[in-house]
Structures are given as C-alpha cells and as structure tokens.
Amino acid sequence: MRTSQFSIHTLKEAPADAEVVSHRLMVRAGMIRRIATGIYAWMPLGLRTLRKVENIVREEMNSAGAIELLMPAVQPAELWQESGRWEQYGAELLRFADRHEREFCFGPTHEEVITDLARREIRSYKQLPVNYYQIQTKFRDEIRPRFGIMRAREFLMKDAYSFHVSEDCLGKTYQNMFDTYVRIFERTGLEFCAVAADSGNIGGNLSHEFHVLAEYGEDAIAFSSESDYAANVEMVGVTETGLVRAEASRKMQKVATPEKHSIGEVSQHLNIDASRCLKTLLVNGAEENSVVALVLRGDHTLNAIKATKTGAVAAPLTMASEAAIRQAAGCAAGSVGPVGLRVRVLADPGAAAMADFVCGANEDDYHFTGVNWGRDLPEPEVVDIRCVMDGDPSPDGHGTLSVARGIEVGHIFQLGNKYATAMKAEVLDENGKVITMTMGCYGIGISRVVAAAIEQNHDDRGIIWPAGIAPFQVALTPVNMYKSVRLREAADRLYEELQSAGYDVLYDDRKARPGVIFADMELIGIPYRIIISDRLLDSGTLEYKDRRNIDKTEIVPMEEISEFLRARIEA
RNA sequence: CGGGGCAUGGCGCAGCUUGGUAGCGCAUCUGCUUUGGGAGCAGAGGGUCGAGGGUUCAAAUCCCUCUGCCCCGACCA
C-alpha cells in the first residue's frame with residue numbers, strides 16, 4: 001500500500017479525554033475516531049489490525065472444528081423473556097421498540113438466539129456435538145464506558161456456543177477451546193495467561209479467563225509463587241492460617257473521632273494500625289429494603305463477588321444509601337460499627353478473629369476502642385468475603401500469592417443446561433429418549449485485543465506492533481524521494497519486489513520531509529522499516545530498523561533485503 | 001446511580017473575574033526557501049463561542065433551563 005493512496009492521518013496531540021496509552025495512541029495514530037461515548041469508528045489503519053486479529057481467530061476456530069455463522073445484532077424481546085434475562089440483565093441491555101411497538105434489544109451476547117436456532121435445527125444426538133461461532137458487533141450499555149476501545153459500549157466479539165449430549169462431551173470441546181485460545185493468543189504475540197474464573201453456577205461448572213498482562217488492566221489476577229495456580233482474585237478463596245482470637249484485655253471505651261471517617265484517618269488519629277480497626281460496610285440486603293452489615297479487618301478489601309454468593313446481599317452488590325445508613329445505624333457512614341447494630345452482620349474470618357479492636361460507635365464522630373466479640377456484641381456469622389492480598393497463602397497449598405493486573409480478552413465457560421432448559425433445547429438420544437442439550441460458550445473480545453496489544457507494546461514514540469497483528473509488516477521509507485528520479489525509480493522497484501515476495505508493505509511515498517515520515521511510521525508502529533536514500537543507493541545498500549530497537553541501524557545490501565527480512569520476521 | 005468539572009475552527013488551548021462583537025499553537029491550502037528525525041518565511045481558508053431563554057444600548061463573558069461530554073466515587077463506614 002502506498003501512503004498516498006491510503007489514509008494516514010496522525011495527530012501530535014491526543015484529545016484531552018483520552019487517559020490510557022492505548023486510547024491516546026489509537027487516536028493519535030488515526031486508528032479510531034470517537035463518534036459518541038463508548039462508540040468508535042475504525043479508520044482504515046485501525047481496521048487493518050482489527051481484521052488481522054479477526055483472521056487469526058477465524059483460522060484457529062475453523063481448524064478447531066467450529067463452524068462460522070452470523071446472527072442478528074437486533075434480537076426480539078420474546079427470546080430474552082423466555083430465558084428470563086429480559087428482567088435480569090438490567091440497564092446494560094439496550095432496548096428499543098420498532099414502529100409496531102414490538103420490543104427488541106441490541107444483542108450484548110447471543111445465548112438466546114443460538115439456543116433458539118439449535119432447538120430448531122438440531123433434532124438428533126447424531127448432529128452433536130456442534131460448535132457454532134460468529135464474529136460480530138455487540139452492544140453493552142456500560143454504566144461507565146472508558147479507556148477508549150478497552151471498555152467501549154459497542155465492540156467486536158467472537159462468540160462461540162457448543163452443544164452436547166453430555167457433560168463429558170462438553171468437557172472435551174471445552175478443552176479443545178482452551179487449547180485453541182492458547183494458540184490464538186500465542187499467534188497475536190501477546191503475553192497472556194489463562195486463569196481460573198468465577199464459575200457462577202453450581203454443578204462443578206468450569207470457567208477460565210484469558211488475560212493480557214498490563215499495568216492498566218481492570219482485573220486483578222492472583223498467582224502462586226510456587227505452582228502454576230492463577231485465578232481471578234474475585235474467586236480466590238482465602239486460606240486463613242493461624243487465626244486465633246486473643247483474649248480480651250481492654251475495656252470498651254467510646255472515643256471522639258471528629259471528622260475522622262476513613263479507616264486511614266481513624267487509625268492515624270488513634271495511632272494504631274489499620275489492621276486493629278474494623279470496617280463495617282452497610283450494603284443492600286437480598287430482602288427488599290433491608291440492609292446487611294459486612295465486617296472486615298481495616299486493611300482488608302471487600303470481595304463483592306464472594307459477598308454476593310453468600311445470598312445475604314442484593315445482587316449485584318450495592319452500597320446502602322446515605323438515608324438507609326442513617327436509619328439503620330443512626331449516624332453517617334464514617335461512624336458505623338457492629339456494636340448494637342440491629343441488622344444482620346456477616347464478618348470475614350480475619351475480622352472475626354480480632355480482639356480489642358476499634359470500630360464505629362454508630363454515633364457521628366465517635367468510635368469504640370477495646371471492643372471484643374462475644375463480650376461487647378454477639379458473635380457474628382463468619383464467612384469469607386475479602387479479596388486475597390499479596391502474601392496470602394495459595395489455595396492449592398503451594399507458595400504464596402502475588403497480585404497483578406490483567407485485561408480480560410477471552411472467557412470460556414461451561415454453561416451446562418441453563419439456557420437449554422429454559423428454552424427447551426432438546427434432542428433424541430440413541431435410545432430415542434428426549435434429553436436436554438448441554439452447552440458451552442467461548443468469547444474473545446476482538447477489538448479489546450487490539451487495545452490490549454498497545455497497552456502491552458508501546459514506547460514514547462508510539463505503538464510497537466507484534467508482527468502478527470501489525471497493520472503492515474514493513475515500512476518502506478525513502479528519504480527525499482522527490483528530489484531524485486533515480487531514487488524514486490529504485491524505491492518503486494523495491495516496493496514492487498517486496499510486494500511480490502509476499503510482504504505486507506506500507507510504502508511512504510508522501511512528499512514529506514524524512515523526519516515526518518519516520519515519526520509517523522514509528523507512531524503507527526510498523527515493526528520493520530527499510531530506509532532507502534540517494535546516498536545509500538551509491539553503495540547499493542539499504543538501512544534496516546526494528547521498531548522494538550529503534551536506535552539500532554543495520555546496513556543491508558539491496559539484493560539481500562528479501563532474505564534479510566524473511567530471517568527477521570521468522571525470528 | 002451520586003459528586004465534581006468542562007463545552008470557543010479538525011485537535012490542543014487562551015479570552016470570561018472587570019460585558020464593547022473572537023485569538024494562539026498544531027493541522028489544512030498557496031507561494032518561495034529548506035530537506036537523514038515532527039522545517040522557515042509570507043499569505044489564505046475555516047468558528048451562529050453546545051442549545052434555548054433572560055438581563056443589557058451591547059453577551060463567548062452575567063443569570064436561568066436543557067443537552068452533551070469528561071473525571072472521580074460507588075471500599076469514608
């Protein structure tokens with residue numbers, strides 16, 4: 001491709017609202033343009049990378065035996081009512097009515113549609129197992145879209161759904177998909193890891209997430225120091241060791257803590273460690289208009305997923321309103337404590353093992369010190385509701401955990417028969433008996449992979465594409481080509497040559513100064529660059545630069561360039 | 001959803017306090033010069049200052065309403 005016939009429109013400055021690296025660079029490089037909040041247009045350059053990712057996914061899915069189809073983005077409400085999700089899904093589901101006032105939604109996912117198709121198409125066990133997939137635009141009306149393409153409302157996703165006669169059979173496809181995902185992410189050239197994820201349903205359902213490790217990841221992943229255990233912190237059980245409650249040794253006292261609301265402020269004010277303070281979070285309970293107290297050690301963090309799984313709190317977990325807090329505790333949030341609190345109290349084991357602790361006094365600007373369970377207040381219900389931290393023991397018994405950030409780019413899931421039962425997706429088995437199909441689903445955020453790749457691969461000059469997903473492999477950058485006919489002819493010839501040798505070349509034939517060309521090619525991140533100039537022509541050589549190691553220049557004889565590139569690309 | 005902020009040419013911003021009819025940098029276009037790391041000079045085009053209403057002789061500027069966008073929070077307890 002010649003830049004003169006392509007659309008290269010780079011910016012020196014990024015829009016003020018772009019905060020993360022991938023967003024800034026995608027806008028500056030001219031890959032995307034924002035159309036509305038969380039909604040972006042893919043410009044020609046960005047689309048090339050998006051398509052490369054898409055093609056890798058498609059090739060690997062095909063060779064794994066999955067079958068591509070394309071389902072509608074607009075889906076009728078009836079299917080969602082049948083599965084029960086029309087009510088459950090909440091505000092993230094974009095709903096609208098057509099001219100006849102029939103209700104529809106823009107699909108955030110396609111379990112309902114695929115299950116509807118499967119129940120109509122699949123009649124016999126002989127047709128199973130089958131794994132359908134599509135690559136298609138999804139819409140999720142996120143509360144707070146941000147980070148550009150990373151958390152957009154409209155995004156491109158590969159979603160696959162498999163159908164089986166048995167859990168056993170599902171297990172095989174699941175493993176096949178796991179292996180396929182590993183191959184896909186290896187081909188993208190990204191550093192990733194597969195982690196055990198929240199399994200949600202009962203029945204031993206399995207789920208794994210694939211994360212690209214990056215500083216700005218929105219998920220926290222816990223790794224074991226001594227085994228290959230890795231899991232989303234949401235689901236890591238805390239293995240408490242050596243938790244023995246000390247004897248009460250102090251009397252409970254009320255102390256003034258004016259204007260001290262956070263654990264940090266209170267512990268500093270009283271000059272004690274945060275781990276000696278108790279934090280009491282009032283959240284909305286599962287019963288309508290009820291409030292539940294979640295109690296944690298001051299230095300611990302609530303795990304909303306675990307708390308939700310206790311069944312005691314409203315799902316998804318939400319904090320009680322200011323008014324509800326005042327009604328339940330008689331004070332503002334900053335002074336709430338479990339002593340004398342007349343709501344259900346769930347305490348994390350770490351909090352339940354504390355003695356002589358500090359907690360809110362349920363009176364504005366007062367806390368208690370020297371508080372003890374069983375003496376000053378009833379023993380609490382004890383349940384694991386905190387997030388693991390660096391240094392916690394690994395649940396598999398090997399080593400300790402450390403926590404890193406990841407961007408979730410893939411998620412595979414054993415669904416079981418949740419949708420198949422709700423929507424009566426049944427087949428006849430080999431005995432002529434009606435059975436409900438078992439399902440799996442497998443997603444990859446295609447557009448998010450592009451953003452994640454940039455988060456993981458950039459420097460202060462711009463993007464550094466992994467070769468497998470670069471918009472172009474090779475940048476051909478002539479120096480002052482319009483001053484020299486012979487240079488122009490040589491560059492044109494070289495371009496033809498590289499193209500017929502099968503390289504994906506971006507030939508920068510713009511009438512621009514070399515600095516502009518170099519800066520642009522670096523910003524848009526083309527991994528391999530060849531420089532041709534009049535001066536080099538005299539010695540019959542070219543210069544080669546690797547985007548990853550931009551300060552190093554190699555001189556290559558012109559006739560060897562194709563071989564040279566081949567070696568670099570295959571390395 | 002709660003709180004805060006912003007809205008001025010394609011992008012980044014100034015002007016608003018103290019009303020007087022819009023400006024800078026980048027980008028774009030033309031010409032000349034320049035040419036191995038985002039050039040220089042000269043010139044040009046492009047903005048109903050988010051929308052609506054009000055105050056005033058006069059509103060980007062002051063007041064009200066609305067809309068859009070961004071950030072923070074939803075873990076002060």
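Below, chains carry the letters A, B, ... as their sequence lines are ordered, and counting in each starts from 1.
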Chemist: Taking atom P of B/G73 as reference, at what distance in whole Å does atom CG of A/L302 sit?
Modeler: 16 Å

Chemist: Report yes if at least one side-chain N or O of A/T37 is closer than 4.0 Å to OP1 or OP2 of B/C69; otherwise report no.
Modeler: yes

Chemist: So A/L11, base contact, sugar-phosphate only, or nothing? Heavy-atom distance under 4.0 Å.
Modeler: nothing

Chemist: Could you tell me the Watson-Crick or G-U partner of B/A39, where both distances fall under 3.5 Å? Say none if there is no partner.
Modeler: B/U33

Chemist: Checking contacts here: which listed nucleotide (B/A77, B/G38, B/G12) is nearest the side-chain heavy atoms of A/P15?
Modeler: B/G12

Chemist: Touch check for A/I517, heavy atoms < 4.0 angstrom, all strands: base, sugar-phosphate only, or nothing?
Modeler: nothing

Chemist: What I want to check is whether an N or O donor and acceptor connect the side chain of A/R529 with the base of B/G37 at under 3.5 Å.
Modeler: yes

Chemist: Pairing check on B/G2: which nucleotide meets the Watson-Crick or G-U wobble criteria with it, both distances under 3.5 Å?
Modeler: B/C72

Chemist: Name the residue from A/E497, A/R493, A/Q499 that meets the side-chain hydrogen bond (donor to acceptor under 3.5 Å, both in side chains) definition with A/Y495.
Modeler: A/Q499

Chemist: Taking only the P atom of each, what is the distance from B/G5 to B/G47 in whole angstrom?
Modeler: 32 Å

Chemist: Check every strand shown and say whether A/I550 touches a base, only sugar-phosphate, or nothing at a heavy-atom separation below 4.0 Å.
Modeler: nothing

Chemist: Write down the distance separating the P atoms in B/G73 and B/C66, rounded off to the nearest Å.
Modeler: 27 Å

Chemist: Kindly say whether the aromatic ring centers of A/F357 and A/H367 come within a distance under 6.0 Å.
Modeler: no

Chemist: Could you tell me whether the side chains of A/H458 and A/E455 share a donor-acceptor contact shorter than 3.5 Å?
Modeler: no

Chemist: Checking base pairs now: Watson-Crick or wobble, both atom distances under 3.5 Å. What partners B/U55?
Modeler: none

Chemist: Using the C1' atoms only, state how far B/C70 lies from B/U30, rounded to an integer number of Å.
Modeler: 39 Å

Chemist: Using atom names, set out every protein N or O paired with an N or O of nucleotides 14-16 of chain B below 3.5 Å, distance rounded to 0.1 Å.
Modeler:
none

Chemist: Could you give the distance separating B/G4 and B/G46 at their P atoms, to the nearest angstrom?
Modeler: 41 Å

Chemist: Could you give the CZ-to-C1' distance, from A/R510 to B/A27, as a whole number of Å?
Modeler: 13 Å

Chemist: Regarding A/R33, tell me which of base, sugar-phosphate or nothing describes its non-hydrogen contacts under 4.0 Å with the strands shown.
Modeler: nothing

Chemist: A/I32 CD1 to B/G10 P: how many Å, rounded?
Modeler: 19 Å

Chemist: Taking atom types as modelled, find out whether A/T477 and A/D508 have a side-chain donor-acceptor pair closer than 3.5 angstrom.
Modeler: no

Chemist: If each of A/I532 and A/A333 is mapped to the nucleotide of RNA chain B with the nearest heavy atom, which maps nearer the 5' terminus, i.e. the 5' end?
Modeler: A/I532

Chemist: Which one, B/A77, B/G12, B/C69, comes nearest to the side chain of A/R34?
Modeler: B/C69

Chemist: Could you tell me whether A/L296 contacts a base, only the sugar-phosphate backbone, or nothing, with contacts defined as non-hydrogen atoms closer than 4.0 Å?
Modeler: nothing

Chemist: What interatomic distance, in whole Å, is found between C1' of B/G20 and the corresponding atom of B/A60?
Modeler: 13 Å

Chemist: Could you let me know what B/A14 is paired to, Watson-Crick or G-U wobble, both distances under 3.5 Å, or none if it's on its own?
Modeler: none

Chemist: Mind calculating the distance between CD (A/E554) and P (B/G36) to the nearest angstrom?
Modeler: 23 Å

Chemist: If you check every side-chain atom of A/E522, which of B/C13, B/C70, B/G37 has the closest atom?
Modeler: B/G37

Chemist: Do A/D509 and A/S4 have side-chain atoms, one donor and one acceptor, less than 3.5 Å apart?
Modeler: yes

Chemist: For the side chain of A/E543, counting heavy atoms from C-beta on, which of B/G36, B/A77, B/A39 is nearest?
Modeler: B/G36

Chemist: Ignoring hydrogens and geometry beyond distance, is the side chain of A/R28 in donor-acceptor contact with the base of B/G38 at under 3.5 Å?
Modeler: yes

Chemist: Tell which nucleotide pairs with B/U28, taking only Watson-Crick or G-U wobble pairs whose two distances are both under 3.5 angstrom.
Modeler: B/A44

Chemist: When the nearest nucleotide of RNA chain B is assigned to A/N303 and to A/D17 on a heavy-atom basis, which residue is associated with the more 5' position?
Modeler: A/D17

Chemist: Quantified in whole Å, what is the C1' atom distance between nucleotide B/G23 and nucleotide B/G9?
Modeler: 11 Å

Chemist: Would you say A/N457 and A/R548 are linked by a side-chain donor-acceptor pair, where the criterion is simply a distance under 3.5 Å?
Modeler: yes

Chemist: Quick one: which of A/R547, A/R529, A/K545 gives a salt bridge (Lys or Arg N to Asp or Glu O under 4.0 Å) with A/E522?
Modeler: A/R529

Chemist: Please report, rounded to the nearest Å, how far the P atom of B/U34 is from the NZ atom of A/K483.
Modeler: 9 Å

Chemist: Would you tell me whether A/D534 and A/S484 have side-chain atoms, one donor and one acceptor, within less than 3.5 Å of each other?
Modeler: yes

Chemist: For B/C71 versus B/A77, give the span between their P atoms, rounded off to a whole number of Å.
Modeler: 25 Å

Chemist: Given that both distances must come in under 3.5 Å, which nucleotide forms a Watson-Crick or G-U wobble pair with B/A7?
Modeler: B/U67

Chemist: Can you tell me how far P in B/G50 sits from the matching atom in B/A7, rounded to whole Å?
Modeler: 8 Å

Chemist: Please give, in whole Å, the distance from B/C11 P to A/H23 NE2?
Modeler: 13 Å

Chemist: May I have all residue pairs that pass ring-ring contact (aromatic ring centres under 6.0 Å, His included) and include part of residues 292-332 of chain A, sequence neighbours excluded?
Modeler: none

Chemist: Any luck finding a side-chain donor-acceptor pair between A/T553 and A/E543 under 3.5 Å?
Modeler: no

Chemist: Quick one: which residue pairs count as a ring-ring contact (aromatic ring centres under 6.0 Å, His included) with a foot in residues 522-546 of chain A, not counting sequence neighbours?
Modeler: A/Y544-A/F564

Chemist: To the side chain of A/K12, which of B/G38, B/G37, B/C71 is closest?
Modeler: B/G38

Chemist: From CD of A/E13 over to C1' of B/G9, roughly how many Å is that when rounded to an integer?
Modeler: 15 Å

Chemist: Counting only side-chain heavy atoms from C-beta out, which of B/G38, B/G37, B/G36 sits nearest to A/K545?
Modeler: B/G37

Chemist: Applying a 3.5 Å limit to both distances, which nucleotide forms a Watson-Crick or G-U wobble pair with B/U21?
Modeler: none

Chemist: Looking across every strand, which nucleic acid part, if any, lies under 4.0 Å from A/A304 by heavy atom: base, sugar-phosphate, or nothing?
Modeler: nothing

Chemist: Whole angstrom is fine here: how far is it from NE2 in A/H9 over to P in B/A27?
Modeler: 10 Å

